[in-house]
Amino acid sequence: MKTPSVHLVWFRHDLRCHDNEALHAAFNAAAADNGVVIAVFIATAKSWQQHHMAAIRQDLLRRRVKALESELADLNIPLVMVEGVDYASCAKTIAAFIPKGLVALYAQREYEVREQQRDEQVSALLQQQQIDCHWFDRLCIMPPGSVLTQQGDVYKVFTPFKRNWLAKYAEQGVHCFAKPKPQARTFTDLPTFTVMQEGDNSSSAWPVAEAEVLQQMRLFCQQKVQDYTLQRDLPAVDGTSQVSPYLAIGVLSAQQCVARLQLEAGASIWQEKSGAAVWLSELIWRDFYKHIMLAFPKLIKHKAFQAETDLIQWPNNAALFEAWCQGKTGYPIVDAAMRQLNQTGWMHNRLRMITASFLVKDLHIDWRWGEQYFMSKLIDGDFAANNGGWQWAASTGTDAAPYFRIFNPVTQSQRFDANGDFIRKFIPELAAKSAKDIHWPHKPITPKGYAAPVVAHDQVRKITLALFSAVKNQENQHA
DNA sequence: TGCTGTTTCAG
DNA sequence: TGAAACAGC
């Protein structure tokens, strides 16, 4: 019997069967030439380590790949799970793996520098052997390059980007690809390979079955999104979608989120400040930061978008950094937030802004220290979103908060955790404090077991203003 | 999705 | 007296 043509889907950050364009295209091609579809995932622990990927995120990834294996098996697609090394060796791994009859590879494109290099190497290698590569731009809702100013430039400011994005969306909507039907034949003549290792199960609180994840997103769109505008800011309330870990590894696509939102919320997505519009806005931020990252590779090298802010000499006091990491700064909302991160691998977005502002503008520590720490702990750690968020908070980014926007951690705490419920949950030392006193528990004295404030906010904020205005003035003089 | 110090004005 | 508005950082 003749060897069938083989179509290989390479799963990376699109670990799903629904709305997977690469998988969909491979199916169509196999149907056309009477071939078969197979799939591969390559674990690259060394690269993940280099990128400071959190252990809990690595575990989520490995658990998800195992679940994907059985979901693909229902479609008669074998998923080969290889324990590789790093991005640089992926071409070698694939070369060693190439099955008999392979005619094409299908994958979703990624925009970080090393990921692009990896894909170029794989492209070159397969081209030598007359194997086609098909790359798909499905990581963003609107692919990079499709949302540009009238001059053809990449937007550097979010609001006009969003306006243009929404106009495109109004015009063309979003398309989702159906989950393929099981293929009639399957391919069993797989090469030998190093089997992927299991994770440490640290992410077990997060389900990984595709159906369950989809259901969570749908329930959010049905039941919670209408209250999102206000509820999303309260860390004590379960008012956010909680889909970020799944978007980060592609159990869900952002397109699926928008399509479902449209279905449930209808025209209210066009209504300013409706929950649907605000949640959609968050998804547009996700696109915005990815577009910016691709257009400005210096961001991947951890350079500040606003170059002059890299002239600031951050004191980088190691003891203060340690206090921040451990949640022992003496500022309850900051400490509760950091403990939530350390204990659960996730932090509420409002708290990400507060803790980031505090690290940079109260403790005077380089935002890159915080960026890396977040990556090393977050289950949803995504370079573009994390870097974008940090540069926004640190006032070094494109369309960032102005440098003089310095959060007062006590005011923020009073406003967004008014009863102190969130603080009490993560700081048992303060459990007895009243709603009034819990935000600043140091009067008349700091409770036993809780940290004294490591800095005085009203003093350090003035130093921040001076640090920034010095480099801004320098900039003006050069100009 | 800012804070702070100051001014203004109704009551 | 305190809410609201405002300007500057």
Side-chain angles (χ1 to χ4, degrees), chain A residues 155-163 165-166 225 227-237 239-241 244 272-289 292 305-306 308-309 312 331-334 337 347-364 367 370-371 374 384-418 422 439-440 453 455-477:
Chain A
Y155 282 102
K156 294 176 193 165
V157 181
F158 178 71
T159 307
F161 173 86
K162 177 180 162 182
R163 197 175 300 129
W165 192 104
L166 285 171
V225 82
D227 300 321
Y228 183 72
T229 306
L230 294 177
Q231 300 290 71
R232 67 169 186 147
D233 264 329
L234 309 176
V237 174
T240 66
S241 67
S244 56
E272 190 98 15
K273 289 190 180 169
S274 72
V278 173
W279 193 53
L280 180 59
S281 216
E282 297 301 319
L283 293 168
I284 302 173
W285 272 106
R286 178 178 178 276
D287 269 19
F288 178 65
Y289 282 139
I292 289 279
F305 191 90
Q306 294 184 36
E308 76 278 9
T309 61
I312 296 173
Y331 284 77
I333 195 68
V334 173
M347 193 198 288
H348 191 280
N349 189 57
R350 163 64 47 186
L351 303 177
R352 295 188 199 199
M353 293 192 278
I354 295 173
T355 53
S357 180
F358 191 80
L359 182 75
V360 175
K361 294 176 179 176
D362 286 70
L363 302 183
H364 306 139
W367 56 272
E371 180 197 17
F374 268 29
N386 189 51
N387 179 273
W390 271 95
Q391 294 222 40
W392 180 88
S395 303
T396 66
T398 174
D399 199 20
Y403 71 86
F404 45 77
R405 185 181 289 172
I406 298 171
F407 282 37
N408 180 322
V410 178
T411 309
Q412 290 281 316
S413 184
Q414 288 163 341
R415 188 181 302 166
F416 298 112
D417 188 31
F422 181 80
H439 309 287
W440 187 250
V455 292
H457 174 74
D458 58 345
Q459 290 168 25
V460 289
R461 70 181 291 280
K462 289 175 188 160
I463 297 173
T464 301
L465 292 172
L467 283 170
F468 272 96
S469 66
V471 299
K472 296 282 174 185
N473 287 337
Q474 217 169 318
E475 178 72 1
N476 291 341
Q477 281 164 19

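Heavy-atom basis, side chains included; hydrogens, waters and symmetry copies ignored. Chain letters run A, B, ... following the sequence lines, proteins first and then strands; every chain starts at 1.
- Remark: A:Gln412 is not in phosphate contact with B:dT1, judged by side-chain N or O atoms under 4.0 Å from OP1 or OP2.
- Between the CD atom of A:Gln231 and the P atom of B:dT1 there is a distance of 15 Å, rounded to whole Å.
- With distances taken from any side-chain atom of A:Arg232 to the nucleotides B:dT1, B:dC3, B:dG2, the minimum falls on B:dT1.
- When heavy atoms are screened at a 4.0 angstrom cut-off, A:Ser357 is found touching no nucleic acid atom at all.
- Atom-to-atom, CZ of A:Arg405 to C1' of B:dC3 comes out at 11 Å; the value is rounded to the nearest Å.
- A straight line from CG of A:Asp458 to C1' of B:dT4 spans 11 Å, rounded to a whole angstrom.
- Paired with A:Phe158 under the rule ring pair (Phe, Tyr, Trp, His ring centres under 6.0 Å), one option of A:Trp285, A:Trp392, A:Tyr289 passes, and it is A:Trp285.
- Aromatic pair A:Tyr155/A:Phe288: centroids not less than 6.0 angstrom apart.
- Separating the NZ atom of A:Lys462 from the P atom of B:dG5 is a distance of 7 Å, rounded to the nearest angstrom.
- A:Phe416 places its CZ atom 8 Å from the P atom of B:dC3, with the value rounded to the nearest Å.
- Rounding to the nearest 0.5 Å places CD1 of A:Ile312 at 11.5 Å from CH2 of A:Trp367.
- Between the CG atom of A:Asp417 and the NE2 atom of A:His439 there is a distance of 6.0 Å, given to the nearest 0.5 Å.
- The CD atom of A:Glu282 sits 13 Å away from the P atom of B:dT1 (whole-angstrom rounding).
- The separation between A:Ile406 atom CD1 and B:dC3 atom C1' is 8 Å, rounded to whole Å.
- Rounded to whole angstrom, the span from the CD1 atom of A:Ile354 across to the C1' atom of B:dG2 amounts to 12 Å.
- Proximity note for A:Asn408 (side chain, C-beta onward) versus B:dT1, B:dT4, B:dG2: the nearest is B:dT4.
- Residue A:Arg352 is out of contact with every strand shown, counting any heavy-atom pair closer than 4.0 Å.
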